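To keep things clear, I will list the structure first and then write my remarks on it.
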Amino acid sequence: MTRRTLAALGAVVLASTLAGCAATGAEQGASTDALRQESITLQDGRTVQCVVYSAPYKGGLSCDWVGAR
């Protein structure tokens, strides 16, 4: 292979790997409306502060277990 062919092949590989790095429309328009803070009382009486993420087809819960009182 010639040097020009190798350079062209390298450029194609580099461009194809970078093509997957662009943000999608959903990521660009993401809103924080689905985030809310909640206090959860455990059975032993302690209260845990949590952040709840809720959106169609996805969601999650993150709690401050160290700070439970």
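Just so it is clear, the model here is predicted, and its values are computed rather than measured.
- In plain terms, the two heavy atoms of Ser54 and Ala34 that are nearest each other are O-CB, 2.6 Å.
- Sequence neighbours left out, the pairs with a member in residues 46-57 that pass salt bridge (charged side-chain N to carboxylate O under 4.0 Å, His left out) are Asp44-Arg46.
- Hydrophobic clustering (side-chain heavy atoms under 4.5 Å, transitive across Ile, Leu, Val, Met, Phe, Trp, Tyr) keeps Leu35 apart from Val52.
- Here the OG1 atom belonging to Thr47 is positioned 7.5 Å from the CG atom belonging to Leu42, to the nearest 0.5 angstrom.
- When the side chain to side chain donor-acceptor pair (under 3.5 Å) test is applied to Gln37, the partners found at least two apart in sequence or on another chain are Gln49.
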Donor-acceptor pairs under 3.5 Å, side chain of residues 61-69 to any protein atom, not counting sequence neighbours: which ones?
from	atom 1	to	atom 2	distance (Å)
Asp64	OD1	Gly67	N	3.1

